[in-house]
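The structure appears right after this line, and notes come after that.
A quick note: this is a predicted structure, and the numbers were derived from the prediction, not measured. Just so it is clear: chains get the letters A, B, ... in the order the sequence lines come, proteins before strands, and each one is counted from 1.
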2 protein chains.
Amino acid sequence: MQAPETPGATPTARERILATSYRLFARRGVLGVGVDEVIERSHVAKATFYKHFPSKNDLVLAFLDRREREWTVGLVEAESHKRGETAEERLLAIFDVFDEWFRSDDFDGIAFITVLLEMGKSHPLGQASIQHLANLRAIVSKRAAEAGLRDPEQFARSWQILMKGSIIAALEGDLDAAQRAKAMAANLIEQFR
Amino acid sequence: MQAPETPGATPTARERILATSYRLFARRGVLGVGVDEVIERSHVAKATFYKHFPSKNDLVLAFLDRREREWTVGLVEAESHKRGETAEERLLAIFDVFDEWFRSDDFDGIAFITVLLEMGKSHPLGQASIQHLANLRAIVSKRAAEAGLRDPEQFARSWQILMKGSIIAALEGDLDAAQRAKAMAANLIEQFR
DNA sequence: CGCGGGATAGACAGAACTGTCTGTTCGTGG
DNA sequence: CCACGAACAGACAGTTCTGTCTATCCCGCG
């Protein structure tokens with residue numbers, strides 16, 4: 001039986017590996033981080049690593065899944081939900097969340113795009129990244145439908161251009177990128193009302 | 001004397017290296033392409049390669065420079081210039097150029113962002129990429145000033161969010177990304193008039 | 001007490017990476 | 001015709017990468 005991570009206790013080997021690779025992959029991409037470094041910083045034996053993750057690819061896939069749970073859902077969706085009453089407010093609040101995120105020490109880029117660019121869109125990891133980006137877009141699309149906007153799917157594609165563009169701008173150092181994007185986003189809502 | 005590439009003649013070794021690495025780096029990034037592959041596909045001896053480019057880093061820097069000449073200036077700036085009479089038309093025409101580019105076989109992504117994400121913003125290659133992105137932004141900013149828009153610098157930062165976001169969307173497979181971005185761009189111009 | 005599962009450290013194989021070096025060949029200008 | 005520079009082929013060193021394997025250890029459970 002795999003204990004579901006009792007808080008306070010020492011995390012299991014698998015959990016340590018995932019936590020370490022999350023930190024490293026999110027900030028430095030997957031090509032620039034070797035399994036040896038993950039292993040060393042997880043304080044785990046090599047055999048243990050390969051027992052849990054038969055190949056580096058499997059680890060990256062697990063990382064992308066976790067990224068979706070923690071970032072897409074835990075940060076973007078959940079936090080923006082809290083900050084608004086209506087679907088429309090909650091859409092715009094995404095950029096308020098981004099604004100805080102860009103300014104925080106936790107800002108670590110957008111892993112799905114990083115992996116996509118590193119691996120290319122025909123590689124399995126690129127494909128997985130594209131899927132995760134589609135899942136993120138689905139959240140936007142769903143809210144757009146709730147808000148009664150027309151053509152939620154097309155709306156979400158435009159909206160995501162603003163999300164991606166602002167994150168890249170922030171990575172370059174533009175700390176106000178979220179505010180710029182929010183202004184354009186407000187306009188986009190008007191266009192789709 | 002280094003002959004300036006007489007057309008028809010066999011390109012010099014240096015030129016072959018640059019042409020090969022341009023193709024490879026633009027599509028696959030820099031971490032995923034080794035110097036051995038560049039050397040083999042350039043039909044060049046290893047010593048010749050290291051004579052012209054003392055390290056891989058130097059080659060990547062040369063690649064980024066060429067990317068600026070051929071893509072930033074040769075494609076984005078020059079082509080959009082042709083397609084409009086006024087500064088404002090020429091701004092919007094950027095996305096018409098993108099639209100064609102996204103649909104062509106030559107579409108090979110946005111190298112400056114790829115390198116930035118691969119290397120991180122504190123690495124020399126990341127720094128160089130940020131500079132090249134700033135140079136691209138300067139073109140937008142200059143046109144915005146010509147068009148009499150207010151705050152051309154801030155305008156260009158918002159504009160670039162649309163450019164980056166649409167290119168990433170196209171890499172994911174959204175062929176209409178340029179048209180979406182253009183619609184938002186037209187709105188942005190209104191806001192800054 | 002003893003056994004088994006999961007973890008440990010770390011050697012090892014084989015490939016790929018960057019960069020160095022040797023020795024040869026070829027074309028051109030003096 | 002010869003000398004020189006540039007490019008050639010390719011061996012080599014040293015590191016790093018992924019993945020395998022051996023051998024040991026520790027802890028909980030029957």
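Rounded to whole Å, the distance from CD on A:E40 to C1' on D:dT18 is 16 Å. Rounding to whole angstrom units, NZ of residue B:K51 and P of D:dC4 are separated by 16 Å. Atom CG in B:L31 sits about 14 Å away from atom C1' in D:dT16, given to the nearest Å. A:R14 has its CZ atom 14 Å from the P atom of C:dT8, to the nearest Å. One can place CZ of A:F53 at 15 Å from P of D:dT18, the figure rounded to the nearest angstrom. Protein atom NE2 of A:H43 is 13 Å distant from nucleotide atom C1' of C:dT8, rounded to whole Å. At whole-Å resolution of the value, CZ in A:R16 and P in C:dG6 are 15 Å apart. Between the P atom of C:dA7 and the CD1 atom of A:I39 lies a distance of 14 Å, rounded to the nearest Å.
The side chain of A:T48 contributes no N or O atom lying less than 4.0 Å from OP1 or OP2 of C:dG6. Phosphate proximity of C:dA7 to A:H52: present, with a side-chain N or O under 4.0 Å from OP1 or OP2.
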Quick test: give all pairs of protein nitrogen or oxygen and nucleotides 19-21 of chain C nitrogen or oxygen below 3.5 Å, distance rounded to 0.1 Å.
unit_1	atom_1	unit_2	atom_2	d
C:dG19	OP2	B:K56	N	2.9
C:dG19	N7	B:K46	NZ	3.2
C:dG19	O6	B:K46	NZ	2.6

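Qualifying ring-ring contact (aromatic ring centres under 6.0 Å, His included) partners for B:W71, counting only residues two or more places apart in sequence or in other chains: B:W101. Applying the ring-ring contact (aromatic ring centres under 6.0 Å, His included) test to A:F155 and every residue at least two apart in sequence or in another chain returns A:W159, A:F192.
With respect to B:H132, the side chain to side chain donor-acceptor pair (under 3.5 Å) criterion is satisfied by exactly one of B:R137, B:E68, B:Q127: B:E68.
Residue pairs meeting the salt bridge (Lys or Arg N to Asp or Glu O under 4.0 Å) criterion with at least one member in residues 106-129 of chain A, sequence neighbours excluded, are A:R67-A:D108. For the side-chain hydrogen bond (donor to acceptor under 3.5 Å, both in side chains) condition, the pairs that include at least one residue of residues 147-156 of chain B, sequence neighbours left out, are A:R180-B:Q154.
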Can you give the donor-acceptor pairs under 3.5 Å from side chains of residues 54-63 of chain A to other protein atoms, not counting sequence neighbours?
unit_1	atom_1	unit_2	atom_2	d
A:S55	OG	A:N57	N	3.3
A:S55	OG	A:D58	N	3.4
A:S55	OG	A:D58	OD2	2.8
A:K56	NZ	A:V30	O	2.7
A:K56	NZ	A:V33	O	2.9
A:D58	OD2	A:S55	N	3.1

